[in-house]
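Just so we're on the same page: letters track the sequence lines, and every chain starts at 1.
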Amino acid sequence: MTDDRTTLAMLSEQLADAVATAGAALVAVHARPRLPSTGVHWKDGVVVTTEGTIRRDDNIEVTLPDGRRIPATLAGRDRGTDLAVLRIAPGSLPVATLGDPATLRPGHLVLALARLDEGGPRAAFGAVSATGGKWRCWKGGEIDQWLQSDLDIYPGFGGGPLVDAAGRIHGVNSGGLSRALATTIPVATVNRVTAQLLERGYVARGWIGAAMQPVQLDATSRQRLKHEGGLLLLSVEPDAPASRAGLLIGDVIVAIDGQSVEGFDQLLDVLGAGDVVGKKLRLEVVRAGQPVSVDVVIGERRRAR
Amino acid sequence: MSTTFLSDPAERLRASVVGIANRARGRRAAGAGAAIAWSDDLFVTSAHVVTASHATIVTRDGRAVPGDVVRRDDERDIAVVHAPGASVPAVATANPATLRAGSLVFAVGHPFGVRDAVSVGVLQAVSPLPRGYGLNGKGSFVWIQADVRLAPGNSGGPLADAQGRVIGVAAMVVSGVALAVPVPDVERLLAGIT
């Protein structure tokens with residue numbers, strides 16, 4: 001046998017080992033008609049999957065690696081990041097071994113895993129395609145790292161993990177966040193959202209109760225106030241944080257908490273932070289050409305369901 | 001690791017893969033599907049590739065060798081073609097049941113007419129299809145399910161393990177998953193043919 005054949009057989013064995021290792025912490029989630037989705041046993045008694053695959057709130061069951069089917073309860077769901085968290089009886093199966101997605105670079109070999117029934121884990125194979133920093137997906141949630149791969153997310157693979165060649169889990173794959181490539185919700189985002197879902201059943205996002213539009217400041221104001229632009233208030237809801245703080249239609253918010261604001265992204269970053277609700281933040285506002293400071297106590301955004 | 005990756009096992013397997021088409025009188029056969037040399041003149045392919053009782057094997061060096069369909073199982077989608085004088089090197093086989101999910105597999109075929117094209121991926125399962133993957137009642141057969149790209153023209157060609165041993169016969173794609181008929185089912189059909 002030549003060296004090449006040995007090396008290739010070893011790679012094949014290593015990939016199969018990675019599937020077996022990570023697969024021991026996977027369940028099939030039965031929360032929709034026909035095809036189950038995949039869940040990762042993230043912490044003891046806590047299963048993470050994608051929100052889009054949870055079609056009912058009750059009568060949810062999971063299939064364990066040993067084939068047993070046990071009940072699960074929905075702890076919470078977050079549409080913004082496409083994550084849902086289930087509780088199951090502790091000690092039901094091994095807990096996932098997590099990796100650090102920051103160590104993944106384009107070209108690294110990775111696997112997408114699934115469990116669809118009482119059979120073994122299933123695998124798809126490919127490479128990391130692109131990585132990057134924090135981004136906001138079209139569903140509105142904040143994703144801590146950009147992590148895309150050329151893996152095929154087959155039916156039922158949603159909610160399953162992205163696994164490296166050593167079997168470490170780097171996040172949860174979602175078929176719903178991007179069309180062209182498989183998108184992985186990285187460990188940090190899963191940890192952050194899971195903590196909130198376990199604590200209160202949803203992810204609290206900040207709200208000030210005003211409609212806004214990004215605008216450029218005029219040349220004199222730009223020079224005088226050292227800000228390029230801001231968010232122009234178009235309407236202010238009654239009995240909302242903005243109106244209680246005395247913000248007026250026509251005000252231009254140029255900074256929040258000392259950070260310049262020129263568009264929605266900076267505002268959403270502030271309002272999306274996990275602990276922002278109830279906090280008092282200082283807004284720098286241009287009102288009738290004059291700089292004004294306004295303190296706003298951030299409220300909580302009403303939820304869709 | 002050397003940069004040759006799969007090229008050695010792939011090259012050996014490609015030598016045992018031929019094109020195959022229904023034999024139409026007076027017309028030169030085109031490569032409609034692939035077939036695997038089980039011995040030097042006995043070829044295995046998909047039943048849906050050879051719908052008539054005669055078929056023409058097209059070897060890698062361009063010889064068209066007439067053959068007869070000697071066995072077929074339309075239900076399992078496997079056919080056996082005897083083409084005397086073809087003299088193509090026979091494949092080595094392995095039972096897919098010995099492979100674990102995530103093991104490397106590769107396919108050789110003629111996707112969209114591209115001769116002897118190699119595609120690579122991993123094994124998903126060797127089992128009936130999961131509930132929810134519809135296949136008109138055939139989902140209860142044991143299928144090799146793999147994350148590997150197949151296209152029209154791969155039908156009848158081999159799916160092999162990392163060492164180039166054939167584990168199944170490429171049959172179709174369902175819900176994006178490549179399906180192949182496992183070697184033990186092929187050998188059941190071959191039983192008794194010498």
Are a donor atom and an acceptor atom from the side chains of [X] and [Y] found within less than 3.5 Å of each other?
X: A:Asn173; Y: A:Thr184; answer: yes
X: A:Asp164; Y: A:His170; answer: yes
X: A:Trp42; Y: A:Asn191; answer: yes
X: B:Ser87; Y: B:Asp40; answer: no

Q) Where does A:Pro36 contact chain B at under 4.5 Å (heavy atoms): side chain, backbone, both or neither? A) side chain
Q) Is it the side chain or the backbone of A:Glu13 that comes within 4.5 Å of chain B heavy atoms, both, or neither? A) both
Q: Look at A:Asp117, A:Asp17, A:Leu111, A:Val163 and state which one has the largest set of heavy-atom pairs under 4.5 Å with chain B.
A: A:Asp17
Q: Run through A:Arg69, A:Arg32, A:Arg68 and flag the one making a salt bridge (charged side-chain N to carboxylate O under 4.0 Å, His left out) with A:Glu61.
A: A:Arg69
(Q) Counting heavy-atom pairs under 4.5 Å with chain A, which one of B:Ala125, B:Gly164, B:Pro130 comes out on top? (A) B:Pro130
Which atoms of [X] come close to chain A, meaning under 4.5 Å heavy atom to heavy atom: side chain ones, backbone ones, both, or neither?
X: B:Val105; answer: neither
X: B:Leu123; answer: backbone
X: B:Ser103; answer: both

Q. Taking all atoms of both residues into account, what is the closest heavy-atom pair of A:Arg77 and A:Glu51, and its distance?
A. NH1-OE2, 2.7 Å
